[in-house]
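All of these numbers come straight from a predicted model, not from anything done at the bench. Letters go in sequence order (proteins before strands), and every chain restarts at 1.
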Protein chains: 2
Amino acid sequence: MEKRFGQSNIHYRDLDLIPLAVDCIIFGFNNNALELLLVHRNIEPKKGKWSLMGGFIKKEEGLHDAAHRILFQLTGLNNIYMEQVETFGDVDRDPGGRVVSVAYYALILKEEYNEKLVEEYNASWFSLNELPEMIFDHKTMVEKALKRLQQKIKTGPIGFNLLPEKFTLPQLQSLYEVILGETLDKRNFRKKLFELDILEKLDEKDYSSSKKGAFLYRFNKEKYKSTPVFKM
Amino acid sequence: MEKRFGQSNIHYRDLDLIPLAVDCIIFGFNNNALELLLVHRNIEPKKGKWSLMGGFIKKEEGLHDAAHRILFQLTGLNNIYMEQVETFGDVDRDPGGRVVSVAYYALILKEEYNEKLVEEYNASWFSLNELPEMIFDHKTMVEKALKRLQQKIKTGPIGFNLLPEKFTLPQLQSLYEVILGETLDKRNFRKKLFELDILEKLDEKDYSSSKKGAFLYRFNKEKYKSTPVFKM
DNA sequence: TCAAAAGTGTTGCTGCTACACCCATGC
DNA sequence: GCATGGGTGTAGCAGCAACACTTTTGA
């Protein structure tokens with residue numbers, strides 16, 4: 001076989017082939033907390049430990065496709081916002097053998113995932129502040145993903161992926177607070193948002209968390225696209 | 001063989017194994033321009049085209065080790081600042097066959113690399129504004145790397161890796177200007193730097209670019225470590 | 001003496017932070 | 001009527017951008 005790869009002179013037969021996986025950091029927002037969907041290992045080694053949902057990349061699928069497939073396997077969800085975080089490739093990261101893994105994070109709606117699938121995988125939600133022990137370098141992956149999410153949420157309108165189509169401003173603010181890990185000033189928060197002019201105020205109110213009720217808003221993609229600036 | 005990998009139930013024999021490579025975006029600074037070290041393909045396909053220096057990852061080395069090895073192959077340089085950019089894995093990115101590639105960028109000193117090696121590889125420097133056509137998705141890799149470098153240089157003292165140990169403030173400013181792609185105000189630039197208090201002013205001057213001469217400075221790592229804040 | 005690059009402070013403005021009270025409603 | 005969360009405007013401050021002239025020296 002004389003096939004050559006890429007810009008290299010290496011022949012196929014000389015190649016070290018290393019299993020390549022994707023791990024998904026699945027974020028959800030609920031009860032004013034940021035949560036993570038983890039799967040429970042019911043096989044050895046590390047039986048009983050928690051881990052990110054992962055899987056191996058197939059020959060005929062791209063990285064992003066693999067990430068979406070694996071997310072779909074666990075949640076039944078499609079068309080989800082996902083972003084590559086980093087690739088982890090320390091030789092000993094998986095004691096079971098050399099595996100390189102590309103980490104992706106996903107922002108999903110906790111109300112929409114398929115509960116049956118999640119049960120099948122022995123998966124469960126954990127608040128970010130109360131994460132259980134996780135296998136391998138998954139803890140590091142989560143930390144890196146969170147940092148990227150923090151950056152990204154300040155510069156792009158991606159937080160809305162964690163909220164239902166209609167949401168209240170207190171909800172949105174709470175989302176930013178738990179992701180950024182700091183409390184925000186209510187008036188300043190709203191001022192910034194209104195200046196961006198990307199929200200549509202609806203005539204409906206949500207009464208689930210107060211007697212007075214909070215107005216519902218909707219993210220207006222068209223408005224954002226016409227002037228794609230976002231800074232929080 | 002019953003070996004199991006990671007959190008998955010997939011057995012080794014079911015795995016698709018995909019060649020995994022590293023590509024290096026090698027930045028250098030010279031003549032007040034940001035430059036890139038590219039290698040010339042002298043084999044088909046794409047003979048005559050330019051490409052990033054790359055290579056396949058070995059079974060017994062980590063990702064970062066692979067990146068450093070490949071950089072060393074071309075430049076003879078060790079202990080270089082490198083950072084992972086992103087992993088590229090579209091199915092058809094390399095028409096020669098499926099290859100997933102992890103992109104790393106490196107900041108090196110143009111005065112220090114091994115010219116013989118570079119000649120052997122038919123490598124050559126290109127100004128960032130005058131890049132030749134490159135193979136595969138290497139252009140995209142460069143763009144992503146530059147964006148990361150722009151971010152990073154504003155928040156960390158990494159620009160010094162592109163300058164000799166002793167450098168002048170006009171040099172440093174020019175470096176920031178070409179990386180960020182904008183002109184900066186001389187006085188504001190210097191003010192910010194002095195406030196950071198991480199530079200050591202030397203008694204020597206550099207006369208290579210002016211008659212008056214510009215004072216030489218040195219980055220003081222200790223000072224930076226004692227108060228690791230950096231914002232430009 | 002002039003050309004070319006190095007070096008140096010001040011002012012105005014903008015954008016951010018801090019902050020307190022009224023409203024609507026269910027109980 | 002009171003407790004709870006929703007909603008609203010302003011003033012001060014800090015940090016950023018804009019800006020011009022003097023110095024040195026080689027040719």
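For the pair A/D185 CG and D/dG6 C1', the computed distance is 14 Å after rounding to whole Å. Look at CZ on A/F215: it is 14 Å from C1' on C/dT25, rounded to the nearest Å. Atom P of nucleotide D/dA18 and atom CZ of B/F189 are separated by 16 Å, given to the nearest angstrom. As a whole-Å value, the separation of A/E195 CD from D/dG9 C1' is 13 Å. When rounded to the nearest whole Å, the span between CG of B/L199 and P of C/dG7 equals 12 Å. Atom pair A/K192:NZ and D/dG7:C1' shows a separation of 19 Å (rounding to whole Å applied). What separates CZ of A/R190 from C1' of C/dC16 is a distance of 19 Å, to the nearest Å. One atom, CG of B/D206, and another, C1' of C/dA6, lie 12 Å apart when rounded to the nearest Å.
Using a 4.0 Å heavy-atom cutoff across all strands shown, A/T168 reaches no nucleic acid atom at all.
The shortest side-chain heavy-atom distance between B/V142 and B/L52 falls under the 4.5 Å cut-off.
Place B/K231 and A/F194 on DNA chain D by their nearest nucleotides, and A/F194 ends up nearer the 5' end.
Put simply, the residue from B/F126, B/W125, B/W50, B/Y121 that forms a ring-ring contact (aromatic ring centres under 6.0 Å, His included) with B/H40 is B/W50.
Contact between the side-chain N/O atoms of B/R187 and the OP1/OP2 oxygens of D/dA18 is not found at any separation under 4.0 Å.
For residues 160-188 of chain A, the pairs satisfying salt bridge (Lys or Arg N to Asp or Glu O under 4.0 Å) are A/E165-A/R218, A/K166-A/E204, with sequence neighbours left out. Applying the ring pair (Phe, Tyr, Trp, His ring centres under 6.0 Å) test to residues at least two apart or on different chains, the pairs with a partner in residues 212-232 of chain B are B/F160-B/F219. Within the structure, salt bridge (Lys or Arg N to Asp or Glu O under 4.0 Å) pairs that include any residue of residues 115-136 of chain A comprise A/K49-A/E133 (at least two apart or interchain).
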Between the protein and nucleotides 23-27 of chain D, list the N/O to N/O atom pairs that are separated by less than 3.5 angstrom.
unit_1: D/dT23; atom_1: O2; unit_2: B/K212; atom_2: NZ; d: 3.0

Pull out every protein N or O sitting under 3.5 Å from an N or O of nucleotides 10-15 of chain C, one pair per line with the distance.
unit_1: C/dT10; atom_1: O4; unit_2: B/K191; atom_2: NZ; d: 3.2

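Applying the salt bridge (charged side-chain N to carboxylate O under 4.0 Å, His left out) test to A/D65 and every residue at least two apart in sequence or in another chain returns nothing.
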Next item on the list: Step by step, work out the ring pair (Phe, Tyr, Trp, His ring centres under 6.0 Å) result for B/H68 and B/Y104.
Entry: CA-CA 9 Å; B/H68 281 89; B/Y104 275 79; 7.6 Å; no
Item checked: Test side-chain contact (heavy atoms from CB on, under 4.5 Å) applied to B/M232 and B/I153, step by step -> CA-CA 8 Å; B/M232 287 298 293; B/I153 207 178; over 6 Å; no
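Heavy atoms of other residues, nucleotides or ligands lying less than 6.0 angstrom from NZ of A/K110 number more than 12.
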